[in-house]
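Notes to accompany the following structure.
Throughout, a chain's letter reflects where its sequence line sits, starting with A, and its residues are numbered from 1.
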Amino acid sequence: MQDKEKNIPEGNLEGCDCSGESRVNFIQAQIDDDLKAGKNEARVHTRFPPEPNGYLHIGHAKSICLNFGLAEIFKGFCNLRFDDTNPSKEEVEYVESIKEDVRWLGFDWDGREFFASDYFEKLYAYAVQLIKDGKAYVCDLSPEATREYRGTLKEAGRNSPYRERSVAENLDLFARMRAGEFADGSRVLRAKIDMAAGNMNMRDPVIYRILRAHHHRTGDAWCIYPMYDFAHGLSDAIEGITHSICTLEFEDHRPLYDWFIEQLPVPCRPRQIEFARLNLSYTVMSKRKLLKLVNDGLVDGWDDPRLPTLSGLRRRGFSPASIRNFCERIGVAKRNSMVDVALLEHAVREDLNRIASRYMAVLQPLKLIIDNYPEGQVEELDAVNHPEDPAAGSRKIPFARELYVERDDFMEEAPKKFYRLTPGREVRLRYAYYIRCEWVEKDAEGKVTVLHCSYDPQSRGGSSADGRKVKATLHWVAAPTAVNAEVRLYDRLFSEPDPGSEKDGGSFTEKINSGSLVVLKDCKLEPALAEVEAGVSVQFERLGYFIPDNRQRPLSSAGPVFNRTVTLRDDWLKSQSK
RNA sequence: AGGGGUGUCGUCAAGCGGCAAGACACAGGCUUUUGAUGCCUGCAUUCGUAGGUUCGAAUCCUACCGCCCCUGCCA
C-alpha cells in the first residue's frame, strides 16, 4: 500500500481520496497511464451523456458519480451533454428531469451544458469531409435490403451496389438529402469501411438517416440526423473530452469510435473506456421495462417510490449522500454482476441514522388506558431528538391516560423470546413510565381492543426509583393529541432477485411483489410530526425511516402522508421468520 | 467467418510473480430508555478447470469449460 501511494503522481494526490480506504479502479489506473504518457496535454475531461428519452435511474447514478468523480479526482471537468440525435424519441420534459436529478444527486456541471444537436452543423461538415475523402457514400438500399447485405454474425456482408458512387455524386446527393428532396428512409449516408469485418459495426455503418421529426431544440431545421456512433465520438472530440466512459455494450463500437476520430481533423483524441452497468436485485433497470410499469399503471408514475428511478428514490426518502455512498461501494469493473439491494438499504440506513431526528408514531394503533393515571391529566415529557447527537436538542411530548401503542407490541400469549407487553408484564414506555398490563378488553370476535394498564408514578422519564429493570421499551402516542396520518409502507417491487431474466418464461410483470405497497390510514403521530417539512427524513422510533410524501398537497386536510424509506434492522423479526 | 468481453467468499470487489484487502450479507458476543445504533469475534489453505514455466503462480504460458454483448436507418 505504501508503494502504491508513491506511484501516484504528486499533483494528483491531493483531492484524491485514495488515502487508504478506497483504491483506484481500473479506469483510474488507465487514466493515470494516459496522464503519465502526456496524452491530451495531461488533461482529464469527462462527460455524462444521457439521451433525453426517459428518466434517470440508479444505474445512471453510477455513471454520474463515476464521471463527475473522475473529474474531481483528477482535477478536471465533467460536462453534461444530452445525446439528442433521435428527435422521434426525445423531449424537453426529459432534459428538465435529468438536470433536476443530476443536481439533486449533488453534482454541478457549472454551465458546461451541451447538446449533440449543438453540433449538427459541424457534424454535417465532418460528414462532407468523409465524402470528399472517399470514405462515405450515399446508399439507396431500403432498410430491409441493407440488413440483407450486411450478412450475419458468421458470414461476411456484400458491398452495396451504391458503394462506388463518385465523390461528386455523393456530395450532390447528400446535399439534397439535407435539402429534403428525398423521402424518409429512402437513402442514408454510410461510412465506407469493410463489409467483411467480423465486427458488425464496421460493415459500412449508417451515419446519417433521413427523418422528418420535430426536434426539441433544432425544430424543423433538419430532416437528416446523425447516428449515435458518428455523433457521439465527434461530440466528445469537439468538447475536448479526454475520456469517454460508457457501458460494456459499446465495447464493440470502440473501433468505429476510433475510426471516425482517426479519419477526421478533430481537435482532440478522446479515449473510450467501458465498464459494467449496474444491475440491482429485486428490481428492473431497463428503460423499456420501467416504461411498461409506468404505462400499464402497475406503479404510480416515474417517481413511484418502489422504482429505482432517481425521482422514485427521492420520493421514497433516499438521500443523495446515501446513493453516492452506494455508488462508491459497489466499485467499477468490467464483469457483469448483480448488486444486492441490501447494500443500498444499508447505505440509506447508515446516512439516515446519522441525520434523521427521532419521533414516535404508531402505525397499527391499539388503545391503551392507564387506569391509575389521573383522568383528564396531560403532562409534557422530555425526549431527545437524536441519541447520538446532543446538538439535535430535545422536545416535549404530551402524555395522557389514554394512549396508542403498536399492535405488534402486545401478545396475549407470548412465546418465550417475546419480551414486549403481555398480561402481567411490566415494560417501559419510552421517555415516560413503567407500565404493567393488568387486563384486556376484547370485541365479539375475541380481538383485543383495549389494554388496561397501571403505571408506576415513580418511574417518570423512564427509569424506576428502585432501579428494577424492564426488558422492553415501547413507543407510544398520547390519544388526545395524536395526529392522524396516512403511512405508506414500501417494500421491494419484485419477489424475485432477477425479475428481468426471461429464462423461466414468465413476464417480469408477473413477479411483482403484491406486498410492495401497504397503505395504512389510521396511523397516530406525536404532534411534532405534523410540522415536518418536505424533503426532511425522520425516524419513527423502532420502526424505520420515513419522509413526507412529496406529491401530497401541503394544505391537504386529510393529514400528513409519510412514505417509509426503509425499516430499521430488526433482529426480532429476523429471528421470527426463521 | 465470426467479432468483442469476462470468470477471486452467498453478493459486490481489491490483487499486476513472494504466500487471498475491504464492504454488504450471514453467525456469535458486549453495550443500549429504539430487539435500532455502536463495539468485538468468526466467515475463500484458495482464486472456472486441467496441464506447464518458476525456489515460488490468483497473478506468466497452453488447452478446455462457463457466462455476457454484437446482424436498429435506437442510444
Side-chain angles (χ1 to χ4, degrees), chain A residues 1 21-25 29 49-51 53 83-86 88-90 139 141-143 146-148 150-157 184-190 196-203 205-211 225 227-229 231-232 246-255 274 276 281 287 328-347 349-350 353-354 358 360 383-384 387-388 417-420 428-432 434 461-463 470-475 497 539-544 567-575:
Chain A
M1 172 127 6
E21 69 269 53
S22 74
R23 248 158 233 90
V24 281
N25 59 48
E51 180 188 13
N53 71 341
D83 227 330
D84 57 349
T85 56
N86 185 358
S88 63
K89 293 186 174 176
E90 298 147 7
C139 179
L141 251 23
S142 68
T146 304
R147 193 180 316 127
E148 196 193 314
R150 186 154 35 224
T152 68
L153 291 178
K154 303 219 169 169
E155 291 163 27
D184 285 13
S186 62
R187 282 179 229 259
V188 293
L189 182 70
R190 293 228 250 169
N199 182 340
M200 300 297 276
N201 295 123
M202 301 302 269
R203 320 245 262 225
V206 172
I207 58 185
Y208 263 93
R209 77 283 216 184
I210 302 173
L211 181 61
Y225 291 93
M227 299 289 290
Y228 167 85
D229 288 303
H232 198 91
C246 64
T247 43
L248 251 32
E249 67 270 28
F250 291 103
E251 215 153 14
D252 285 343
H253 296 240
R254 191 176 350 121
E274 312 84 13
S281 61
K287 273 182 184 172
E328 188 72 34
R329 284 169 197 236
I330 56 177
V332 179
K334 293 193 72 161
R335 67 184 86 100
N336 290 310
S337 58
M338 164 97 54
V339 175
D340 191 340
V341 261
L343 184 57
L344 214 211
E345 294 170 351
H346 168 79
R349 288 194 184 103
E350 181 180 59
N353 172 55
R354 198 169 48 80
R358 273 62 173 176
M360 291 202 286
V384 302
E388 288 155 35
K417 302 273 257 184
F418 180 89
Y419 51 76
R420 272 111 98 148
R428 169 169 42 232
L429 289 181
R430 176 143 237 228
Y431 299 126
Y434 278 19
S463 44
V470 102
K471 203 70 194 285
T473 299
L474 271 39
H475 60 278
Q539 182 191 105
F540 287 178
E541 293 214 36
R542 305 211 301 135
L543 297 174
T567 60
L568 252 31
R569 281 184 56 200
D570 190 343
D571 285 345
W572 163 245
L573 219 185
K574 213 188 286 173
S575 70

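The side-chain ring of A/Tyr228 is not stacked on the base of B/rA75, judged by centre separation under 5.5 angstrom and plane angle under 30 degrees.
Dashed line: the shortest gap from a side-chain N or O of A/Arg569 to OP1 or OP2 of B/rU37 is under 4.0 Å. Contact check, A/Ser337 against B/rA13: a side-chain N or O comes under 4.0 Å of OP1 or OP2. OP1 or OP2 of B/rC74 has not a single side-chain nitrogen or oxygen of A/Ser88 nearer than 4.0 Å. Between A/His475 and B/rU34, a side-chain N or O to OP1/OP2 separation shorter than 4.0 Å is absent. Note on A/Arg335: every side-chain N or O is 4.0 Å or more away from OP1 and OP2 of B/rG5.
Using a 4.0 Å heavy-atom criterion, one finds that A/Glu274 contacts no nucleic acid atom at all. Here A/Ala156 lies in heavy-atom contact (under 4.0 Å) with a base. Contact annotation for A/Leu568: base contact, defined as any heavy-atom pair under 4.0 Å involving a base atom. Residue-level contact check: A/Val332 touches the backbone only, with heavy atoms under 4.0 Å from sugar-phosphate atoms and none from bases. Backbone-only engagement by A/Met338 is indicated by non-hydrogen atom pairs under 4.0 Å involving sugar-phosphate atoms exclusively. At the heavy-atom level, A/Phe540 lies nowhere under 4.0 Å from the strands shown. At the heavy-atom level, A/Pro387 lies under 4.0 Å from base atoms of the strands shown. A/Ser463 comes within 4.0 angstrom of a base, heavy atoms only. Counting non-hydrogen atoms under 4.0 angstrom, A/Leu189 reaches nothing in the nucleic acid. The residue A/Tyr208 sits apart from the nucleic acid: no heavy atom pair falls under 4.0 Å. Contact annotation for A/Glu388: base contact, defined as any heavy-atom pair under 4.0 Å involving a base atom. Base engagement by A/Lys417 is indicated by at least one non-hydrogen atom pair under 4.0 Å involving a base atom. When heavy atoms are screened at a 4.0 angstrom cut-off, A/Arg358 is found touching base atoms of the nucleic acid.
When the C1' atom is used for both B/rC19 and B/rG38, the distance is 35 Å, rounded to whole Å. Here, B/rU59 and B/rU54 have their C1' atoms 13 Å apart, quoted to the whole Å. B/rA20 and B/rC24 have their P atoms separated by 23 Å, given to the nearest Å. Taking atom P on both B/rA14 and B/rU8, the two are 11 Å apart, rounded to the nearest angstrom. Taking atom C1' in both B/rC74 and B/rG15, the straight-line distance is 39 Å, to the nearest Å. Nucleotides B/rC9 and B/rA25, compared at atom C1', are 11 Å apart to the nearest Å. Nucleotides B/rU46 and B/rU37 are separated by 36 Å at their C1' atoms, to the nearest Å. Comparing B/rG48 with B/rG5, their C1' atoms sit 16 Å apart, to the nearest whole Å.
Across the protein-nucleic acid pair, A/Glu251 atom CD and B/rA75 atom C1' stand 17 Å apart, rounded to whole Å. Rounding to whole angstrom units, CG of residue A/Asn86 and C1' of B/rC73 are separated by 10 Å. Across the protein-nucleic acid pair, A/Lys334 atom NZ and B/rC16 atom P stand 19 Å apart, rounded to whole Å. For the pair A/Lys287 NZ and B/rC74 P, the interatomic distance rounds to 15 Å; values are reported in whole Å. What separates CD of A/Glu350 from P of B/rA36 is a distance of 17 Å, to the nearest Å. Atom NZ of A/Lys471 is separated from atom C1' of B/rU32 by 12 Å (rounded to the nearest Å). Look at CD on A/Glu541: it is 17 Å from P on B/rU32, rounded to the nearest Å. In this structure, the CG atom of A/Asp571 is 11 Å from the P atom of B/rA25, given to the nearest Å.
Here B/rG22 sits opposite B/rC12 as a Watson-Crick or G-U wobble pair (both hydrogen-bonding atom distances under 3.5 Å). Across all strands shown, B/rC73 has no partner, as no Watson-Crick or G-U wobble contact with both distances under 3.5 Å is found. Here B/rC30 sits opposite B/rG38 as a Watson-Crick or G-U wobble pair (both hydrogen-bonding atom distances under 3.5 Å). The partner of B/rA1, taking Watson-Crick or G-U wobble pairs whose two distances both stay under 3.5 Å, does not exist in any strand shown. The nucleotide B/rC64 finds its pairing partner in B/rG48, both defining distances of the Watson-Crick or G-U wobble pair being shorter than 3.5 Å.
When only modelled atom types and interatomic distance are considered, A/Thr473 and A/Arg430 share no side-chain donor-acceptor pair under 3.5 Å. A/His475 and A/Arg542 form a side-chain donor-acceptor contact under 3.5 Å, judged by distance and modelled atom types alone.
Of the candidates B/rA75, B/rA14, B/rU34, B/rU34 carries the atom nearest the A/Arg430 side chain, counting heavy atoms from C-beta on.
If A/Asn53 and A/His346 are placed on RNA chain B by their nearest nucleotide, the residue sitting closer to the 5' end is A/His346. Place A/Asn353 and A/Gly185 on RNA chain B by their nearest nucleotides, and A/Asn353 ends up nearer the 5' end.
Contacts of A/Arg569 classified as side-chain contact (heavy atoms from CB on, under 4.5 Å), with partners at least two apart in sequence or in another chain: A/Arg349, A/Asp571, A/Lys574. Every residue two or more places apart in sequence or in another chain that forms a side-chain contact (heavy atoms from CB on, under 4.5 Å) with A/Asp229 is listed here: A/His253, A/Leu256, A/Phe260.
Residues A/Gly185 and A/Pro143 come closest through the heavy atom pair O-CD, 4.1 Å.
Residues A/Gln539 and A/Glu541 are in side-chain contact: their nearest non-hydrogen atoms beyond the backbone lie under 4.5 Å apart.
A/Arg254 has a carboxylate O that lies under 4.0 Å from a charged side-chain N of A/Glu274, or vice versa, which qualifies the two as a salt bridge. With salt bridges taken as basic N to acidic carboxylate O contacts below 4.0 Å, none links A/Glu388 and A/Arg354.
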Whether each nucleotide of nucleotides 66-72 of chain B has a protein heavy atom under 4.0 Å at its base (B), only at its sugar-phosphate (S) or at neither (-) is summarised, 5' to 3', as --SBBBS
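Partner of A/Asn53 under the side chain to side chain donor-acceptor pair (under 3.5 Å) criterion, chosen from A/Lys89, A/Glu90, A/Lys287: A/Lys287.
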